[in-house]
Amino acid sequence: MGHGFYITVSYGVSGLIIAVVLGWIWLDGRARQRELAELEASGIRRRSSAPVKDGAA
Amino acid sequence: MMSLLLRDLKLSVRAGGGALIGVLFFMTVVAVIPFGVGPDLNLLSRVGPAIVWIGALLAALLGLDRLFQTERDDGSLDLILMQEHPLVLTVLVKCLAHWLANSLPLVIASPLLGLFMNMSEVAIGAVAVTLLVGTPALTFIGAVGAAVAVSLPRGGLLVSILVLPLAIPVLIFGVSASYAAVQDPAPFMPPFLILLAITMFFAVIGPLGASLALRNASD
Amino acid sequence: MMSLLLRDLKLSVRAGGGALIGVLFFMTVVAVIPFGVGPDLNLLSRVGPAIVWIGALLAALLGLDRLFQTERDDGSLDLILMQEHPLVLTVLVKCLAHWLANSLPLVIASPLLGLFMNMSEVAIGAVAVTLLVGTPALTFIGAVGAAVAVSLPRGGLLVSILVLPLAIPVLIFGVSASYAAVQDPAPFMPPFLILLAITMFFAVIGPLGASLALRNASD
Amino acid sequence: MRLTAEGLAARRGEDLLFSNISFGLGRGQGLILTGRNGSGKSTLLRVVAGLLRAERGKVTWHSGEDAVRASEACHYLGHRNAMKAELSVHENLAFWKDFCGDLPGGEGVPVAQAAEQVGLGGIAHLPFGYLSAGQQRRMAFAKLLVSYRPVWILDEPTAALDTRAEATFADLIRQHLGRGGILLAATHQPLGIEGMQELRMTGFAGVAEEFAA
Amino acid sequence: MRLTAEGLAARRGEDLLFSNISFGLGRGQGLILTGRNGSGKSTLLRVVAGLLRAERGKVTWHSGEDAVRASEACHYLGHRNAMKAELSVHENLAFWKDFCGDLPGGEGVPVAQAAEQVGLGGIAHLPFGYLSAGQQRRMAFAKLLVSYRPVWILDEPTAALDTRAEATFADLIRQHLGRGGILLAATHQPLGIEGMQELRMTGFAGVAEEFAA
Amino acid sequence: MTESLAITKFSDLANPTRFLSLSGRILPWLGCLTAGLFAVGLYLSFTTEGDYQQGETVRIMYVHVPAAWLSMMCYTVMALSAIGTLVWRHPLADVSHKAAAPLGAAFTLIALATGSLWGKPMWGTWWVWDARLTSVFVLFLMYLGLIALNRAMDDPSKAARVSAVLILVGFVNIPIIKFSVEWWNTLHQPASVVRLDGPTIDPEFLIPLLVMAFAFTFLFFTLHLMAMRNEIWRRRVTAQRRMAARMASRES
Ligand code: HEM
Ligand SMILES: Nc1ncnc2c1ncn2[C@@H]1O[C@H](COP(=O)(O)OP(=O)(O)OP(=O)(O)O)[C@@H](O)[C@H]1O
Ligand SMILES: Nc1ncnc2c1ncn2[C@@H]1O[C@H](COP(=O)(O)OP(=O)(O)OP(=O)(O)O)[C@@H](O)[C@H]1O
Ligand SMILES: [Mg+2]
Ligand SMILES: [Mg+2]
């Protein structure tokens, strides 16, 4: 096998791993946002939409 | 019975983090070895089968001693003893669950480790097969020990004397069968068949002994 | 503090039988390796120190996961956490007790195994000394793992996975000091002193980390 | 249907805790054990449940024509709850429902309903370990409801319960008796159920005889 | 000598169980927590004992001039007995006596006498695991006597006790208060001690804010 | 709305809501920057000359070395967050090291894979148990162990605190990885870029390498921010679900 093969495969593998991680994080974020939207729609309000009282302590 | 199997599997997955844990454990053990014996690939491939088997024994020992103790500590053992299911069967199912959750992942992971240890294909196959056949015996032997530990509150010493000496033949025949597969003069079959016989034997004796010990657990 | 040490020693004698199971496992490991390495006594004596060290490392894992878990299960951990003794000291004493009951027997048994492995007197001595100096570090590292896993119902394999990677430096320097004692050009002292330093380091870091984890895991 | 004990004696260590205890319980009848700490109540219950070997005497269970091992006809609720902290309440109950099965003559209620009946319908999805002491005890009681057994053996069922839960338990026990069940319980606080027989244990019936005799 | 709690809030999982609980207890005073199962009594006790981190607020202990960590001044008797089943009662108690030591201002009684005081003088040589539930609880209580702490934090101390032992416990607590001790206890049954303050817990004060905000 | 730009206090960042809006604003820019750097870096890495000794395969270096650096940097980020968890009890620090663990595992995996793909032509074998390689493998196992620990505990804040302890104790492995080559004198290349006496590598390779290294670093930060946001949302969802369940059981 020529060197080109190893180079292609290493770039390919790296790209694949990054793509999988990126895709997973992306989809995960989409799913979480959808859940939040569903909760919002079913009438559970976040408390910070009420006047903010500083609870960061 | 199915529900007991499922529950035990679920418990082992919940508590320790899942089926991958066994594989991860095995990989850690194997990764540690080269730091000791050095990077000599030749040597590594020669000790490979033994290391894989020792890893399996260690994994079987870790946690096996508490197979029945957790049940006793929370009172479940009482209820299990009261049911009409034959106790031998219950013990068998618990052993099965323990094997599925702890040993099977090791069997499945062993080829991977073989690769890491630079073992030949034949050796890898032989180790996997002997592990598949031999690890149930370790579980059954461990079950007897675990049951004795439950029934004798101070049986600690007894358990170790009981379990490891009984487990050593399994280990020896497992390892020698694996080596026989690669080293030429020695035939693979005789030690392998003995291993199989040992497993059969303990598959009967183990649950019987364990259930006897559990019945006599004196409180 | 003395009373804690005594209690823990008493408990490990009464309940666990930890010492024996460790030693037996240790011997099993050493007994199985020759199958792989073959009857070549020369080779055997060469890998000897490494095998003994690996065996000790793996044996140290047995029982380690329950160092704090038993205390938590019966509520003693709560009272221990409440006392004014610095928690680090308490952890240190518990480690000491564990080491005395579980690792010291390994150190004592190691010369015997050295003989089995056909090691020279110098090598045997070196292995015993390095084990004596190095195994406390294993216990301290293990304490961190045990403390981290205290809130897990069964630590077992997970604890070993967390502990083993951290134990690698100990193994490296322990083994290389043992080899340095027999192989001529390499001096014994530098790796041995590093091993000593590692033990010192973990004698501080281990209890600190473990007590930090215990404080944070309590509920 | 009848649970009979004849001339029971049991020992712990070397001590004979009680000897010659006999009773018979038929449909809808209950027996309450009382007595001081350490007088042997739990021991007697475990003997009846078949978990401890009796020194002398025997326990039998007649249902219809044939006599079977008494322990199979019993639910036993001991000091410990027999639930796994790592599994959710629902999983725990479902396991016991499946594992114990029903005895002929009755049927267990579904898991969700059992949790409802002990007053904790909303939290069956939580891991059992997350519950408070009293909630755990209630869920352990729900185990009795999910599979049918004619005999209930309860060891201090109301420990750690608040007063509302105590009343709930008394109700559930009354229903069980009303359906022809049998009750054997050890308590320090009165359960508030009428028409029970009572057995006062005194403890220490003498050192085991084989050596003292 | 004063134990003060200011604006305590604590959570379990994501739930805030209570918020803004304050109290102050001086010499000879006691506070009883009551409330339904799961209302957060045990949680509050653990927060005061320093075993759970408070979400907000703090607990302080003033003795003489300086304020120390409150947990060091406390004995905590939780649901679990903190005794080893494999050791004898005497070994267990001796260990705790030695390990805990005495705080200035008082002195623990010897082990044998403590066992005597909880009414079990004769059986201190038995392994702890051999005792009955009530006897175990009593021995756990004896732990409070062998080393001196001004504050006693008791979580359902009388569970599993017979009536005589309950009276004994009440006596011992009264003595402790009489010597200027402080009591914080959660119970379902009245302890039968007069002049205690009472705090009714209701449970669930909201979901913790940091991520729900 | 300019109020979120006026972050003056450190503690302001402790507010997850504020963090969400700030990171939401930064992320697109960060993403674009990463993509741009990758474009330049990949262009450079395929147009530069090959090494006289290693031939074309030197191009693997432009992925391998940045990934290897990142695998260690990620652990360092986790260790810093762990300090944040234990010392300041910063809720975002919990989220940060939990979100970073899978990323670290991914970058380590890339370093391992490209390394052994490079090893086959250069050393003639996929894998040797040399000190550097094994310690990277151990780092990979440590990431997996941390992920497993996080999954095994279900109280998130407790899991965060406990794994923070473990991360800090495990930090001893980072110097071991970094210096293993010097200590054991093995097959693997000793450091030639990051060393005390300045880089010893030819600028021909250095420039694409550095560009790729920056690209990887920004990729890491992009992914990390995204994962942190996901984790915050996940916790927010569970908190609100609990709230809803509690309210429902209150009313009934
Ligand atoms: C699985 C196998 C490999 C692993 C896990 C690995 C790991 C690493 C790590 C952790 C670094 C960063 C070192 C530092 O910053 O000090 C590194 C750098 C490097 N590696 Fe590898 N490596 C592997 C195989 C290879 C091979 C086969 C080659 C080439 C023959 C190679 C060449 C390099 C070079 C040139 C550097 C840069 C050193 C520097 O300039 O600092 N690696 N590798
Ligand atoms: N580890 C945990 N994680 C999540 N929730 C928990 C945990 N432990 C307890 N809880 C919840 O906290 C609440 C309060 O529990 P706590 O033990 O304080 O109640 P309690 O008032 O002592 O009740 P009891 O009278 O039954 O002892 C319960 O509703 C329980 O479900
Ligand atoms: N394994 C054992 N070995 C020896 N003696 C034991 C053992 N278990 C219990 N005992 C003794 O048996 C006696 C009876 O115990 P049992 O648990 O039956 O009492 P109990 O009536 O249930 O008390 P309680 O009201 O406290 O629950 C106790 O005095 C105890 O010390
Ligand atoms: Mg009892
Ligand atoms: Mg409580």
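Throughout, protein chains are lettered first and strands after them, A, B, ... in sequence-line order, and every chain is numbered starting at 1.
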Exercise. Above 12 or not: heavy atoms from other molecules or residues under 6.0 Å from CD of D/E107?
Worked result: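 No, not enclosed.
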Seminar exercise, completed: By side chain to side chain contact (heavy atoms under 4.5 Å, CB included), E/Q197 pairs with (sequence neighbours left out) E/L25, E/Q29, E/L31
Exercise. Relative to chain D, which of E/Q189, E/H79, E/R12, E/R36 shows the most heavy atom pairs under 4.5 Å?
Worked result: E/R36
Contacts with chain D made by [range] (heavy-atom distance under 4.5 Å), listed by residue number:
range                       : answer
residues 38-51 of chain E   : E/G38
residues 132-139 of chain E : E/S132, E/A133, E/G134, E/Q135, E/R138
residues 153-172 of chain E : E/E156, E/A160, E/L161, E/D162, E/R164, E/A165, E/E166

Exercise. How long is the span from the CG atom in D/L120 to the CG atom in E/N37, to the nearest 0.5 Å?
Worked result: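 That separation rounds to 8.0 Å.
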